[in-house]
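Shown next, in structure tokens, is the structure this report addresses.
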Amino acid sequence: MKGWKRVIHEVKADVSAARDRDPAAQGVSTFEILTSWAGVQALLAHRVAHELAGAGVPLLPRLLAYLTRAVTGVEIHPAARIGREFFIDHGSGVVIGETAEIGERVTLYQGVTLGGTGFQRGKRHPTLGDNVTVGSGAKLLGPIAVGSGAKIGANTVVIEDVPPGATVVGNPGHQVKLDGKRVEGPDADWIHLPDPIAEAIKTLSQRIADLERRLAELDGAETPGEDPPQLRERTGRSSAGG
Ligand SMILES: CC(C)(COP(=O)(O)OP(=O)(O)OC[C@H]1O[C@@H](n2cnc3c(N)ncnc32)[C@H](O)[C@@H]1OP(=O)(O)O)[C@@H](O)C(=O)NCCC(=O)NCCS
């Protein structure tokens with residue numbers, strides 16, 4: 001009975017989290033949110049499935065999770081541990097694995113995966129601290145820890161721990177901000193990465209030009225050979241993300 005009281009409190013907190021964090025939910029009644037917000041419905045079903053699984057009820061928790069996925073597009077394993085005031089915006093395509101742990105006031109957008117990296121057993125899914133935001137399409141893989149207050153950009157792939165307060169973007173995910181301020185330092189520039197292949201081609205083409213010039217001198221040609229075409233410096237964003 002105590003457990004079910006907690007579930008009711010959790011669901012109330014989840015509904016008010018949806019109202020706080022979704023601009024589209026302003027002034028919308030609790031009934032409307034419960035009946036038409038897929039992320040809220042998925043979470044409500046998970047709270048019940050998690051409680052049933054904890055009480056040792058067979059089959060029903062998985063069946064509930066399966067039906068919820070069919071209706072909302074959100075798949076949450078009944079054993080996943082989710083803190084208060086959790087909010088999934090838009091719902092569809094979210095996957096939360098069995099050993100995932102989520103702190104309080106966490107927000108996930110559509111298409112987020114909290115998954116494993118392979119066929120390991122035991123703890124194999126991410127642990128998210130409090131107040132973490134994960135952008136749409138982001139993949140967080142393995143038993144990594146994402147510190148409280150971290151922000152994960154849309155479509156980011158995270159396979160390493162994220163410090164508290166960090167903003168991480170790209171594939172592979174890399175830190176661009178800490179506590180809202182840009183990260184400075186030698187490892188912070190992900191745009192102008194060294195390009196060893198371009199460097200090697202540049203050196204070879206210079207050596208060929210030197211040889212051609214020397215040959216022309218030996219042949220007694222009046223005009224020296226042409227300079228090699230200059231390779232343009234790469235500009236724009238790195239293909240590795242960022
Ligand atoms: C990651 C995020 C939280 C960063 O927001 P922010 O703190 O305002 O950071 P900025 O916009 O100043 O971006 C910092 C740098 O990261 C880059 N960046 C931001 N988001 C990125 C992303 N998703 N992927 C790749 N690079 C990204 C910016 O271009 C900028 O690069 P620069 O330093 O070369 O200029 C935000 O961009 C984001 O992705 N939010 C998710 C939103 C979402 O999923 N919405 C779905 C609604 S349906």
Side-chain angles (χ1 to χ4, degrees), residues 14-28 32-33 36-43 69 71-76 82 85-97 100 102-115 126-142 144-195 233-242:
D14 296 334
V15 172
S16 74
R19 199 172 283 119
D20 287 348
R21 275 174 256 161
D22 188 349
Q26 305 313 305
V28 177
E32 200 171 337
I33 290 177
S36 46
W37 257 247
V40 175
Q41 291 167 346
L43 186 56
R69 190 190 65 168
V71 173
T72 65
V74 174
E75 180 168 336
I76 309 178
I82 299 181
E85 297 178 48
F86 180 58
F87 178 52
I88 303 175
D89 202 356
H90 303 293
S92 200
V94 169
V95 175
I96 300 176
I102 297 177
E104 307 212 330
R105 297 171 299 283
V106 168
T107 305
L108 308 186
Y109 287 95
Q110 73 276 12
V112 168
T113 301
L114 304 183
T127 298
L128 275 52
D130 299 335
N131 301 306
V132 169
T133 303
V134 186
S136 54
K139 311 292 173 226
L140 281 62
L141 306 175
I144 55 173
V146 177
S148 293
K151 288 182 185 161
I152 312 297
N155 284 335
T156 297
V157 178
V158 187
I159 49 171
E160 284 179 358
D161 290 355
V162 175
T167 301
V168 170
V169 302
N171 179 10
H174 59 278
Q175 198 176 316
V176 285
K177 286 187 173 179
L178 186 62
D179 296 326
K181 294 197 185 81
R182 282 175 190 275
V183 180
E184 305 291 342
D187 294 333
D189 187 356
W190 281 69
I191 308 291
H192 305 103
L193 295 175
D195 186 340
E233 287 292 339
R234 198 154 52 94
T235 53
R237 293 189 176 281
S238 160
S239 55

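Values in this document were obtained by computation on a predicted structure and should not be read as measured data. When reading the values below, keep in mind they use all heavy atoms of this one structure, side chains included, and skip hydrogens, waters and symmetry mates. Ligands are counted one by one from 1 in listed order, and the atoms in each one are counted from 1 as well.
In summary, the atoms of ligand 1 found under 4.0 Å from a heavy atom of His90, numbered by their order in the structure, are 48 (S). Within the listing of ligand 1, atoms 41 (C), 44 (O) sit less than 4.0 angstrom from a heavy atom of Gly135. Within the listing of ligand 1, atoms 43 (C), 44 (O), 46 (C) sit less than 4.0 angstrom from a heavy atom of Ser136. Heavy-atom contacts of Gln110 reach the following atoms of ligand 1: 48 (S) (cutoff under 4.0 Å).
Closest approach of Gly115 and Pro126 over heavy atoms only: O-CD, 3.6 Å. The two residues Thr107 and Arg21 make their nearest non-hydrogen contact at OG1-NH1, 2.8 Å. Contact detail for Val94 and Tyr109: the closest heavy-atom pair is CG2-O, 3.6 Å. Nearest heavy atom pair, residue Ile159 against residue Ile144, reads O-CG2, 3.4 Å.
For Lys177, a nitrogen or oxygen atom sits less than 3.5 Å from a nitrogen or oxygen atom of ligand 1, counting backbone and side chain alike. Considering backbone and side-chain N/O of Arg182, one or more are found under 3.5 Å from N/O of ligand 1. In terms of polar-atom proximity, Ala154 is counted as a contact of ligand 1, with an N or O under 3.5 Å from an N or O of the ligand.
Atom-to-atom distance recorded for Thr72:OG1 and Ile88:CD1 is 7.5 Å, nearest 0.5 angstrom. For the atom pair CZ (Arg19) and CD1 (Ile33), the distance works out to 4.0 Å, reported to the nearest 0.5 Å. To the nearest 0.5 Å, atoms CG (Leu108) and CG (Leu140) are separated by 9.0 Å.
Relative to atom 2 (C) of ligand 1, the option among Thr167, Thr107, Leu108 with the closest non-hydrogen atom is Thr167. For atom 21 (C) of ligand 1, the candidate residues are Val169, Val112, Val168; the nearest heavy-atom contact is made by Val169. Compare Val176, Thr133, Val183 by their heavy atoms: the one nearest to atom 14 (C) of ligand 1 is in Val176.
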